**Q** 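What follows is a single structure, and I will ask about it in a moment.
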Amino acid sequence: MPKSLRIDFVSDVVCPWCAIGLASLEQALCQLQGEVAADLHVQPFELDPTMPAGGADVAETLKRKYGMSDAQLAENQARIRDRGAELGFTFDFTARSRTWNTFDAHRLLHWAGVESPMHQLPLKRALLVANFSEGRDVSDHAVLAELATGVGLDDARAREVLASGLFADEVRAAERFFQEAGIRSVPAVIIERRLLVSGGQPPEVFVQALRQAARADN
């Protein structure tokens with residue numbers, strides 16, 4: 001029987017290395033089929049909780065935050081695009097001119113985890129694709145409801161959650177929990193609540209960490 005491992009994937013939907021980290025983790029889990037089974041929980045982290053409604057120009061935001069020149073930004077995007085391609089994930093930086101507030105996306109993901117856990121990870125994937133491959137506004141309620149419906153969640157309930165502000169307290173509590181646990185950057189992959197893998201690591205790093213966690217309880 002495969003060893004069941006709890007995995008908390010702490011991330012944001014506008015973090016490119018989170019898209020890389022998730023694709024890499026999922027490849028590792030495919031390699032370990034029959035050996036490890038994942039109980040995967042998507043957890044919230046906001047790169048910029050102060051992002052205003054309407055978002056901001058993504059290039060200017062990144063250059064200001066990291067002190068990058070135009071050439072450095074282009075080089076960084078090329079590196080991310082190549083890493084994504086290796087893992088089967090498409091980054092289209094020409095389609096994406098703005099970055100968005102992601103709090104409502106995290107509320108929707110939390111709702112999925114509570115009411116329909118099997119749909120939480122597909123929703124996370126859909127959000128990453130919408131943002132990075134399609135350049136869509138992942139703060140827009142109509143877009144969020146469409147993505148939820150597209151992975152099999154109930155449209156009316158998704159719209160109710162988004163309109164009502166439900167799960168805001170729960171998301172903030174989860175964000176505080178992981179910040180107080182020392183998470184300052186994402187992706188942060190926490191295996192069995194004790195083993196941390198940080199960043200968009202290649203699949204072999206996740207394979208090693210998952211095997212280590214599986215052996216620890218034997």
Side-chain angles (χ1 to χ4, degrees), residues 9-30 42-106 108-109 121-140 142-144 146-147 150 175 178-179 182-189 196-209:
F9 188 82
V10 187
S11 64
D12 201 355
V13 301
V14 293
C15 163
W17 291 104
C18 295
I20 288 170
L22 182 58
S24 188
L25 172 62
E26 291 196 285
Q27 282 199 11
L29 289 168
C30 284
V42 173
Q43 303 290 2
F45 187 100
E46 291 175 87
L47 292 180
D48 186 358
T50 66
M51 182 63 62
D57 182 275
V58 66
E60 293 306 316
T61 298
L62 291 172
K63 287 190 293 184
R64 182 173 60 252
K65 182 175 182 179
Y66 297 109
M68 292 190 291
S69 66
D70 288 335
Q72 289 170 324
L73 176 61
E75 181 181 348
N76 186 56
Q77 289 179 335
R79 183 167 61 252
I80 290 169
R81 187 168 53 247
D82 290 345
R83 282 290 305 277
E86 292 171 3
L87 296 162
F89 188 92
T90 299
F91 288 95
D92 185 352
F93 292 108
T94 64
R96 177 177 176 250
S97 62
R98 301 190 72 75
T99 187
W100 310 102
N101 185 292
T102 58
F103 188 70
D104 285 344
H106 287 300
L108 200 65
L109 283 163
L121 184 56
L123 178 58
K124 176 70 170 185
R125 293 192 201 104
L127 285 161
L128 291 168
V129 168
N131 184 68
F132 289 111
S133 306
E134 301 168 349
R136 303 184 73 185
D137 179 354
V138 291
S139 69
D140 183 272
V143 171
L144 291 172
E146 178 189 329
L147 295 174
E175 289 178 332
F178 288 104
Q179 289 166 3
I183 302 302
R184 297 290 180 266
S185 62
V186 287
V189 182
L196 172 65
V197 181
S198 297
Q201 301 292 340
E204 54 267 25
V205 172
F206 286 112
V207 166
Q208 182 180 10

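Since this is a predicted model, take the numbers as computed values, not measurements.
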**Q** Out of curiosity, Asp137 CG to Asn101 CG, how far, rounded to the nearest 0.5 Å?
**A** 10.0 Å
**Q** Taking the side chain from Arg184 and the backbone from Gln179, do they hold a donor-acceptor pair closer than 3.5 Å?
**A**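 Checking the backbone N and O of Gln179 against the side chain of Arg184, a donor-acceptor pair under 3.5 Å is found.
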**Q** I'd like to know whether Leu196 forms a side-chain contact (heavy atoms from CB on, under 4.5 Å) with Ile183, so could you lay out the CA-CA distance, the side-chain angles of the two residues, the decisive distance to 0.1 Å, and finally the verdict.
**A** CA-CA 10 Å; Leu196 172 65; Ile183 302 302; 4.1 Å; yes
**Q** Distance check, rounded to the nearest 0.5 Å: Glu26 atom CD versus Phe206 atom CZ?
**A** 10.5 Å
**Q** So do the side chains of Val13 and Asn131 get within less than 4.5 Å of each other, counting heavy atoms only?
**A** no
**Q** Mind checking the CZ-CZ spacing from Arg83 to Phe91? Nearest 0.5 Å is all I need.
**A**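 These two atoms lie 9.5 Å from each other.
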**Q** Could you tell me if the side chain of Gln201 sits less than 4.5 Å from the side chain of Gln208, heavy atoms only?
**A**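 In short, these two side chains do not touch, never coming nearer than 4.5 Å.
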**Q** To the nearest 0.5 Å, what is the distance between CG on Asp57 and NZ on Lys63?
**A** 7.5 Å
**Q** Do Leu127 and Leu144 make a side-chain contact, defined as non-hydrogen atoms from C-beta onward lying under 4.5 Å apart?
**A**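 When only atoms from C-beta onward are counted, Leu144 and Leu127 do touch, with a gap below 4.5 Å.
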**Q** With rounding to the nearest 0.5 angstrom, report the CE to CD distance, Met68 to Gln77.
**A**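 Separation between the atoms: 7.5 Å.
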**Q** Would you call Leu87 and Pro203 a side-chain contact if the rule is heavy atoms closer than 4.5 Å?
**A**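 Sidechains of Pro203 and Leu87: in contact.
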**Q** Could you tell me which non-hydrogen atom of Gly200 sits nearest to which non-hydrogen atom of Ile20, and how far apart they are?
**A** O-CG2, 4.0 Å
**Q** Answer whether the closest heavy-atom distance between the side chains of Ile80 and Trp17 falls below 4.5 Å.
**A** yes
**Q** How long is the span from the CD atom in Glu134 to the CG atom in Leu147, to the nearest 0.5 Å?
**A**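 CG of Leu147 is found 7.5 Å from CD of Glu134.
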**Q** Do Phe9 and Val186 come close enough that some side-chain heavy atom pair is under 4.5 Å?
**A**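 Contact flag for Phe9/Val186 side chains = no.
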**Q** Keeping Ser139 on the side-chain end and Trp100 on the backbone end, is there a donor-acceptor pair under 3.5 Å?
**A**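 A pair under 3.5 Å: no.
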**Q** Near Gln72 CD, under 6.0 Å, is it more than 12 heavy atoms from other residues, nucleotides or ligands?
**A**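 It does: Gln72 CD has more than 12 such atoms within range.
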**Q** Please determine whether side-chain contact (heavy atoms from CB on, under 4.5 Å) holds for the pair His106 and Leu109, giving the CA-CA distance in whole Å, both sets of side-chain angles, and the decisive distance to 0.1 Å.
**A** CA-CA 5 Å; His106 287 300; Leu109 283 163; 4.3 Å; yes
**Q** Would a distance-only check, ignoring hydrogens and angles, find a side-chain to backbone donor-acceptor pair under 3.5 Å from Asp12 to Cys15?
**A**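 Not a single qualifying donor-acceptor pair exists.
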**Q** Closest approach of Ala28 and Val207, non-hydrogen atoms and distance?
**A**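 The answer is CB-CG2, 3.6 Å.
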**Q** Are any of the side-chain heavy atoms of Leu121 and Leu22 separated by less than 4.5 Å?
**A**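 Yes. Closest side-chain heavy atoms under 4.5 Å.
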**Q** Carefully, step by step, assess Phe45 and Ser185 under the rule side-chain contact (heavy atoms from CB on, under 4.5 Å).
**A** CA-CA 9 Å; Phe45 187 100; Ser185 62; 5.8 Å; no
**Q** Counting N and O atoms only, with roles assigned by atom type, does the side chain of Ser11 sit under 3.5 Å from a partner on the main chain of Pro187, one being a donor and the other an acceptor?
**A** no
**Q** Please tell me if the side chains of Val14 and Arg96 come closer than 4.5 Å, counting only heavy atoms from C-beta onward.
**A**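 Result yes, sub-4.5 Å side-chain heavy-atom pair found.
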